[in-house]
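Have a look at the structure below before the remarks.
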Amino acid sequence: MSIEVQNIRKTFGPFTALDNVSLRVPSGRLTALLGPSGSGKTTLLRIMAGLEFADPGSGRIQFHGADVTNTPAGQRGVGFVFQHYALFRHMTVADNIAFGLNVRPRRERPSPAEIRTRVERLLALVQLEGLAHRLPTQLSGGQRQRVALARALAVEPKVLLLDEPFGALDAKVRKELRRWLRRLHEEVHLTTVFVTHDQEEALEIADEVVIMNQARVEQVGTPQAVYDHPATPFVYEFLGNVNRLQLPSRGFAQAEAFDVNGGRFAYVRPHDIELLPVQDGFDGELAQLRTVHTAGSVARVTCTRHHAADEIIEAEVSRQRLTELGLQIGDSVLLRMRRGRVFAEDFAI
Amino acid sequence: MAAGFISQLSTTEPAAGAASIRATRDPAWLRYTLLGAALLFLGLFLVVPLAAVFTEALRRGVGAYFAAFADADALAAIKLTFLAAAIAVPSNLVFGVAAAWAIAKFQFPGKSVLITLIDLPFAVSPVISGLVYVLLFGAQGWFGPWLQAHDLKIIFAVPGIVLATIFVTFPFVARELIPLMQAQGTDEELAALTLGASGWQTFWRVTLPNIKWGLLYGVILCNARAMGEFGAVSVVSGHIRGETNTIPLHVEILYNEYNFVAAFAVASLLALLALVTLGLKSLVEWRARQPVRT
């Protein structure tokens, strides 16, 4: 089931949470809404779920072509998972999962035996067999989140929406759980949207990443596409490390492409910078080596430009390459940029 | 979740507590003086009067004690007190839950005014609140002529007593629930809604079970106050024997008539109620703090 968001506006008093946002979430895919806090991603998710409603007179929400803009949450067929789980604290795990089935009108409600079977099946799906009679307080954070997921799946939603599902967990559990979510998605193939501010999380498990900033969608694309071809300076800076290089610079192979209008910036990823010895026959940006970190799979070095000493440039090179160059702190070095990007919008900054 | 949190904290407490006792150990004489002063004060102001009530009530023996309750006026007072409480407590239960629900779970203009209004009965002297009802519904009051024309009696009659009791005990349930419901937030209710539950189902299956202990606590306090209220009820009652006297008012009348044994006997009923209330209150507090059953 695809989700179509058209020109949605949402304001809270003077604050604009969503500014004419349009978005298409493809059917059966795992989509991440990624952005810093306050970018509107959670509001967008809640509007999709029907937990918030867009400003009157703004656009529409469609589920597979059907208008659900004014449909209440309970009738949209969405499963929603809250950041802090929102499990019913006085109910056992089994009762939590069965809740959505138990509140159905009598003629639509499965028999108690069938509800039990379904709960068992869901517990197996989220790998929590044997914990059916525990209370939420007796579970770890990761277990609680999986119960919340099972509870949302119990009503057989057409769309699964997760609000910072791993935000409250520690780093290790987070990593395990997000890989597990990816595998689960491959099993059930439900249209899934999850909100996160963790770019690593979004890039690792999503089929498609929607990057949001200041109430707007900045870019939509596969993780590879948004990482390799950021559409805006914001996306460049938000996804991974990037150097903001003042132009002109001699570090670019096709220097003339960049060497226009002083005051513009080029965005270059640290791993797209090559280090060369200062010798005849080599050309590049002259810089001085400042720090070297070799604790890790690659060596991370920082340099300052010869022509603009306050500008620090980070580069990542293989540790082998660093040894070959035989550089010491304070040595001069030539920087060559393999790839970079200039944004015309930078005039505004 | 709150219960689990508390139980988690208490498991780490002994170690921290032991260390802090050592760090803040006061000399023995100081500790015993403070303890002694506290116990003396408690004894003087709480235990002695309570004991005095029962001693005075039983001064002429058990026969005289029970004779006080055989009196028709005493029985009428007891009945009226229970009637007033039986109306006031359920009303305030419903009002309190509704008000707390609205305040804790929704944003609306005038919310802070509502919160202040709920506290009004605590802030106003009960006698004044009684007078307000006389001013409204009394023979010379705003609605007095209209009530008389329709042959309705509120002041110096049972409805006035019930109204005054409801007013004075209004804040107990709401005050107890508002902070509790605010702390619990709205996530569970929203989760229930996304799972297809209706508003009623959400209230009965999610909200109410989460607040049941706080609610019971508020009801117990509300009931104790409803049965013991003197000031507001005194103003609107008119002290008609056998008709508009509640237990506290009846005690006053007996006492003023130098019928001490009967006065203390009836008063002992209120004292017993207080003890039962305290017992129930501790039980509820203890139960609410238990890590939720397995």
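Reminder, nothing fancy here: chain letters follow the sequence lines and each chain counts from 1.
No more than 12 heavy atoms of other residues, nucleotides or ligands sit less than 6.0 Å from atom CZ of Phe95(B). Residue Phe108(B) qualifies as enclosed at atom CZ: its count of foreign heavy atoms under 6.0 Å is above 12. Residue Phe122(B) places its CZ atom among more than 12 non-hydrogen atoms of other residues, nucleotides or ligands, all under 6.0 Å distant. In this structure, Lys111(B) places its NZ atom where more than 12 heavy-atom neighbours from other residues, nucleotides or ligands lie under 6.0 Å away.
Of the atoms belonging to Ala152(A), it is backbone heavy atoms, and not side-chain ones, that fall under 4.5 Å from chain B. For Gln184(B), the parts lying under 4.5 angstrom from a heavy atom of chain A are both the backbone and the side chain. Interface remark: Leu161(A) contributes no atoms to any contact with chain B (heavy atom separation under 4.5 Å). For Phe82(A), the part lying near chain B is the side chain, with the backbone staying farther off; criterion is any non-hydrogen pair under 4.5 Å. Both the backbone and the side chain of Arg151(A) come within contact range of chain B, with heavy atoms under 4.5 Å apart.
Checking Asn210(B) against His90(A) by side-chain atom types alone, a donor-acceptor pair falls below 3.5 Å.
In this structure, the separation between CZ on Phe80(A) and CG on Asp187(B) is 8.5 Å, given to the nearest 0.5 Å. Atom-to-atom distance recorded for Asn96(A):CG and Leu195(B):CG is 9.0 Å, nearest 0.5 angstrom. Gln107(B) CD to Phe12(A) CZ: the interatomic distance, rounded to the nearest 0.5 Å, is 11.5 Å.
Under the 3.5 Å distance criterion, the side-chain polar atoms of Glu188(B) are left unmatched by any main-chain donor or acceptor of Ala86(A).
Here the shortest heavy-atom pairing between Leu190(B) and Leu51(A) reads CD2-CD2, 3.8 Å.
Between Asn102(A) and Arg205(B), some side-chain heavy-atom pair lies under the 4.5 Å cut-off. Here the side chains of Trp200(B) and Val103(A) are not in contact, with every heavy-atom distance at 4.5 Å or above.
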